[in-house]
Number of protein chains: 2
Amino acid sequence: MERMRSSISMAVIRRLPKYYRYLNELVEKGVTRISSMEFGRILGFTASQIRQDLNCFGGFGQQGYGYNVKELRDEIANILGLNKTNNAIIVGAGNLGQAIANYSGFRGSGFILKGMFDINPRLVGISIRDIKIMDIDEMSEFIKKADINVGIICTPKEGAQEVADRLTGERIKAIWNFAPTDLDVPEDVIVENVHLSESLMVLAYLMNQRENAEDNK
Amino acid sequence: MERMRSSISMAVIRRLPKYYRYLNELVEKGVTRISSMEFGRILGFTASQIRQDLNCFGGFGQQGYGYNVKELRDEIANILGLNKTNNAIIVGAGNLGQAIANYSGFRGSGFILKGMFDINPRLVGISIRDIKIMDIDEMSEFIKKADINVGIICTPKEGAQEVADRLTGERIKAIWNFAPTDLDVPEDVIVENVHLSESLMVLAYLMNQRENAEDNK
DNA sequence: TTTTTATTGGTAATTATTTAACAAACTGAT
DNA sequence: ATCAGTTTGTTAAATAATTACCAATAAAAA
């Protein structure tokens, strides 16, 4: 355990999953080795950036050879912590919550969905993929009992902060937040936001801009 | 029409929706003016950054006064192109597609959902919020007829590129992509990705890191 | 074995982004 | 009207991120 320099920029970290995804595809295709140049061509990055990024975590390549695809894939899985399991619950079992419950990507990243909660009595009792929707009042007890450390917030923005407070009150470690608001949490709690409305507005901006550029031609 | 300098960085653009969101909240609270310093305190940005960002688009403030909240909100809405309407279709009407169809955020950003498509015959014919799910073979005709310029891809990764090809073949302008893959499109087509798996892996990384840091204490 | 070729890891240069600083200019009080 | 207090827009400085470069070294060829 030597390399624990916590000062790796988010820019680098957000590229890791993409590396991982493409490395998996290469493994599937049976590619055993790859140079940073070729890998960069595939990803649309410079070779330099790839080498720089990977070197934040260790020297995984070899001169004159490149990188061993399978080995690098496993290294990155390890860096991302995909081999560790984290138990999660979804709070807010409406359309989005149910869609997330059906999301097949949990497998691949070590998260296990253990429960779902909602305030709406009509939803309580329904099961989604063998996960029963429970009343939100049972949440605290469940978190303790089932060793939950991740909360996925799929409520409307109005309820989100209160849910976050309850989750952090139970010493949850991280929140995956789909509610269109910024959460106020203790500094040792990790929040990863998925703000669909912001993504959509960026799309609107780019379309609008493109259109203006056309007009000015 | 003077200010059309297209060289505004994505870093700035991705902050605009957040400005817009908080300005809306301030309007609702009845706040009429705000200084960059106070606004920065609320958003967690520096006052400098806010002034710098806004000045990419124009001088909306006034010395000794600050910014008029409502006015600035409307300016940003205009910059983001939220007043223009864009007709959209969803391709892939599974859980995620249906959840997106129910998504209420379209309103606020000028997008109008006009149709949904799927290859699964069991889904074709069903309606979600008055939007009928159609067979994907009807898509091309529908795009022309209903003046669609945005495609929302909610298929598994396997079908995504083919859907993208069909969409761009019909001269669609932009794609909101939820499939866990990178799409290859003509350069004049805008793609905005929502890669949930990548977001989740970043969360995994941050949790893993935090844990390692704890251990080293 | 020797030579040529490929390719890394690391350092330096460049470019981009963020933050600081401050003159100019407005507000609001006296 | 004048003046003190604010706060902007803008330029300069600092910091961060990306790209270019190259010596070192391994692989492959001769």
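Reminder, nothing fancy here: chain letters follow the sequence lines and each chain counts from 1.
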Engineer: According to side-chain contact (heavy atoms from CB on, under 4.5 Å), who are the partners of A:A88, at least two apart in sequence or on a separate chain?
Structural biologist: A:V150, A:I152

Engineer: Check whether A:Y19 reaches the backbone of A:L43 with its side chain - one donor and one acceptor, N or O, closer than 3.5 Å.
Structural biologist: no

Engineer: Sequence neighbours left out, what passes salt bridge (charged side-chain N to carboxylate O under 4.0 Å, His left out) with B:E71? Give chain and number order.
Structural biologist: none

Engineer: Which residue lies toward the 5' end of DNA chain D, A:Q63 or A:R15, if each is placed at its nearest nucleotide?
Structural biologist: A:R15

Engineer: Go through the structure and list residues passing ring-ring contact (aromatic ring centres under 6.0 Å, His included) with A:F178, not counting sequence neighbours.
Structural biologist: A:W176

Engineer: If we only count heavy atoms from C-beta on, is the B:N78 to B:D74 side-chain gap below 4.5 Å?
Structural biologist: no

Engineer: State whether a side-chain donor-acceptor pair under 3.5 Å links B:Q98 with B:N102.
Structural biologist: no

Engineer: On DNA chain C, which is the earliest and which the latest nucleotide, 5' to 3', with an atom closer than 4.0 Å to a heavy atom of chain A?
Structural biologist: C:dA6 to C:dA12

Engineer: Checking A:E162 now: which residues fulfil side-chain contact (heavy atoms from CB on, under 4.5 Å) with it, not counting sequence neighbours?
Structural biologist: A:R166

Engineer: With side chain to side chain donor-acceptor pair (under 3.5 Å) as the rule and sequence neighbours excluded, what pairs involving residues 28-44 of chain B come up?
Structural biologist: B:S36-B:R51, B:E38-B:R41

Engineer: Please set out all donor-acceptor pairs under 3.5 angstrom arising from side-chain atoms of residues 56-65 of chain A, sequence neighbours excluded.
Structural biologist:
none

Engineer: Short of 4.0 Å, heavy atom to strand atom, which residues of residues 64-80 of chain A count as contacting DNA chain C?
Structural biologist: A:G64, A:Y65, A:G66, A:Y67

Engineer: Just to verify, what does A:Y22 make a ring-ring contact (aromatic ring centres under 6.0 Å, His included) with, not counting sequence neighbours?
Structural biologist: none

Engineer: For a quick test of reading the model, state the closest non-hydrogen atom pair linking B:L16 to B:I76 and the distance between them.
Structural biologist: O-CG2, 4.0 Å

Engineer: Under a criterion of less than 4.0 angstrom to any heavy atom of chain B, what are the 5'-terminal and 3'-terminal contacting nucleotides of DNA chain D?
Structural biologist: D:dT6 to D:dA12

Engineer: Quick one, which residues of residues 21-50 of chain B touch DNA chain D with a heavy atom under 4.0 Å?
Structural biologist: B:S35, B:S36

Engineer: Using side-chain contact (heavy atoms from CB on, under 4.5 Å) as the criterion, list what pairs up with A:L113, not counting sequence neighbours.
Structural biologist: A:I90, A:A101, A:I131

